[in-house]
2 protein chains.
Amino acid sequence: MATPTRLASAAALIAHPARAAMLQALMAGEALTAGELARTAGIAPSTASAHLAALAGGALVVAHAQGRHRWFRLANDDVAAILESLMGLAELARPARRWPHGEALRTARTCWDHLAGRLGVALRQGLVERGMLRPALGGWEATAAGHAWLERTGVDVAAARRARRFACDCMDWSERRPHLGGGLARALCTLCLARGWLRRQPGEGLARRAVVPTPEGVRRLREAFGVRVEAAAGQAASD
Amino acid sequence: MATPTRLASAAALIAHPARAAMLQALMAGEALTAGELARTAGIAPSTASAHLAALAGGALVVAHAQGRHRWFRLANDDVAAILESLMGLAELARPARRWPHGEALRTARTCWDHLAGRLGVALRQGLVERGMLRPALGGWEATAAGHAWLERTGVDVAAARRARRFACDCMDWSERRPHLGGGLARALCTLCLARGWLRRQPGEGLARRAVVPTPEGVRRLREAFGVRVEAAAGQAASD
DNA sequence: GTGTCGTTTTGTCCCCGGGCGCAGCATCCG
DNA sequence: CGGATGCTGCGCCCGGGGACAAAACGACAC
């Protein structure tokens with residue numbers, strides 16, 4: 001009876017609406033304070049504190065005290081992958097005929113530390129079609145042309161190579177097709193945000209995951225990656 | 001608030017000890033009746049029936065009525081993959097210093113429809129090292145030599161190719177290294193069981209997942225795949 | 001030092017999810 | 001056709017998990 005119980009308790013950490021809301025917010029990739037997470041989940045700070053202690057105990061999040069704040073973030077990308085696949089499972093169980101989460105989220109969002117949604121899927125497709133990536137053991141590696149081109153574009157390829165995985169497929173929960181994960185995808189996401197091509201949404205909770213392309217971003221993404229995105233038009237998720 | 005709730009309800013299906021026990025039993029890959037699952041989970045048939053209805057509603061399992069029995073099995077390999085990764089998460093949270101689930105389970109077991117444990121990991125390593133497989137888009141493909149050799153060994157390669165994925169890595173929860181999943185892995189598992197090289201454990205629950213090599217199996221696995229396994233020595237998991 | 005802010009601990013209350021037994025229904029057996 | 005078997009729906013009961021308020025604690029600012 002040992003293992004089923006452990007399986008159950010691992011899932012139980014995610015199974016609570018308030019904890020799920022916090023985890024969703026953390027899926028944006030940034031660290032958040034206990035107070036922010038409490039507000040996001042719509043519960044009292046004391047309640048949130050107990051939940052966060054449970055999540056930390058289950059190795060789903062890690063805490064980092066700084067001054068009178070405590071910053072929480074997801075423990076690692078494995079946790080993010082599990083959350084995404086569970087989202088996919090939920091979607092599969094009740095395929096919504098109407099997408100209820102706001103168009104912005106579907107257009108472009110972050111998945112832990114990389115890009116997802118239509119943008120993420122298109123990005124992967126663009127890189128592969130242009131011969132920048134080729135299949136490798138358990139994922140993708142850069143071709144010679146791809147490596148040169150990435151460096152020229154300003155991607156920190158060296159940092160990407162230090163990651164556990166350079167580039168791998170990560171199933172997109174809304175598009176049902178893979179987008180790119182791993183060190184390269186992280187570097188790309190960082191680049192787009194640093195250059196101001198994409199901007200994070202100010203909202204809370206799930207809406208926090210959405211990113212919207214700036215006018216310059218629309219142009220650059222088309223030029224650099226051959227990705228067609230619309231400028232910020234969709235409404236943010238109502239959370 | 002829509003999506004966090006859905007994430008939570010998807011996880012909640014797994015979060016219950018009784019349901020988790022049933023899912024674990026189904027991870028052996030065979031279909032089981034409602035009564036068997038009730039006994040496995042140690043609950044009354046009526047309770048089990050309610051749980052199974054919930055699992056079916058959540059698209060985690062599928063039911064198939066035949067006579068006065070109802071056979072349940074996991075809905076698909078995505079579900080199996082999610083369950084395995086949650087097991088890994090649980091293991092990560094509380095790394096047991098002593099493996100509490102019985103040696104047999106760790107030596108060789110099934111993971112949905114393919115082989116896992118030390119045997120599964122060694123099998124993958126053997127095939128790769130001997131040049132039978134090479135990396136491909138999102139997994140592995142057979143080399144020319146590999147194809148010929150697999151057919152000669154009696155593996156139903158044609159059936160394996162019809163699967164959604166021919167061969168891909170599947171993280172092994174106990175070994176923390178990948179074993180082989182996909183159509184090829186399924187065919188290999190089928191072969192080993194059909195030829196009597198491996199025999200399923202008679203137990204219930206988690207123990208059901210264990211497979212033990214017969215004396216002939218030990219020899220054949222070494223000859224055919226270069227895999228060293230011990231004959232049935234470990235005790236079955238106490239469940 | 002004193003006030004404020006963010007977080008956690010403690011205590012208390014309340015609600016609902018899950019347990020079983022029983023009855024009902026379908027199926028197979030002789 | 002009657003009895004045994006397998007599964008499910010209904011009703012009732014119980015226990016524990018999670019909610020908040022209040023208070024304690026530590027850190028920062030002035």
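Numbered from 1 within each chain, the chains take letters A, B, ... in sequence-line order.
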* Mark yes when over 12 heavy atoms from residues, nucleotides or ligands other than A:Arg161 sit less than 6.0 Å from its CZ; otherwise mark no. => yes
* Which parts of residues 51-60 of chain A get close to DNA chain C, meaning a heavy atom less than 4.0 angstrom away? -> none
* To do: Over 60° means perpendicular and under 30° means parallel, so classify the ring planes of B:His69 and B:Trp71, tilted if in between.
  => tilted
* **Heavy-atom donor-acceptor pair, A:Ser85 side chain to B:Ile82 backbone, under 3.5 Å** => no
* Structure fact -> Picking from D:dT8, C:dT8, C:dG18, the nucleotide nearest the side-chain atoms of B:Arg19 would be C:dG18
* Asked: What is the distance from CG of B:Leu32 to C1' of D:dC7, rounded to the nearest Å?
  -> 15 Å
* To do: Between A:Thr47 and A:Gln66, just flag the one whose closest nucleotide in DNA chain D comes earlier from the 5' side.
  => A:Thr47
* Asked: What nucleotide among D:dA27, C:dC20, D:dT8 has an atom nearest to a side-chain atom of B:Arg70?
  -> D:dT8
* Quick one: does B:Ser46 reach the base of C:dG21 with a side-chain donor-acceptor pair under 3.5 Å? -> yes
* To do: Take the protein atom CD1 of A:Ile43 and the nucleotide atom P of D:dA21, then report the distance between them rounded to whole Å.
  => 13 Å
* To do: Describe, as an angle rounded to 10 degrees, how the axis at the first end of the helix from C:dG1-D:dC30 to C:dG30-D:dC1 is tilted relative to the axis at the last end, five pairs per end.
  => 30°
* Could you tell me the separation between the CD atom of B:Glu36 and the P atom of D:dC7, rounded to a whole number of Å? => 8 Å
* Asked: The side chain of B:His16 lies closest to which of these nucleotides: C:dG18, D:dC20, C:dT8?
  -> C:dG18
* Asked: Below 4.0 angstrom, N of the basic side chain to O of the carboxylate: do B:Glu30 and B:Arg208 qualify?
  -> yes
* **Given DNA chain C, 5'-ward residue of the pair A:Ala48 and A:Arg68, judged by closest heavy atom** => A:Arg68
* Charged N to carboxylate O below 4.0 Å: is that the case for B:Arg164 and B:Asp77? -> yes
* Asked: Is it true that a side-chain atom of B:Thr40 and a backbone atom of B:Met22 form a donor plus acceptor pair closer than 3.5 Å?
  -> no
* Structure fact -> Result for 5'-nearest mapping on DNA chain C, choosing between B:Ala12 and A:His69, is A:His69
* Can we say B:Glu84 and B:Arg209 salt-bridge, meaning some charged N sits less than 4.0 Å from an Asp/Glu carboxylate O? -> yes
* **Sub-6.0 Å ring centroid separation between A:His101 and A:Trp99** => yes
* Which nucleotide, C:dT7, D:dC7, C:dT8, lies nearest any side-chain atom of B:Ala34? -> D:dC7
* What's the CH2-P distance between A:Trp71 and D:dA27, to the nearest Å? -> 17 Å
* **side-chain hydrogen bond (donor to acceptor under 3.5 Å, both in side chains) between B:Arg109 and B:Ser174, worked out** => CA-CA 10 Å; B:Arg109 65 174 185 276; B:Ser174 60; 2.9 Å; yes
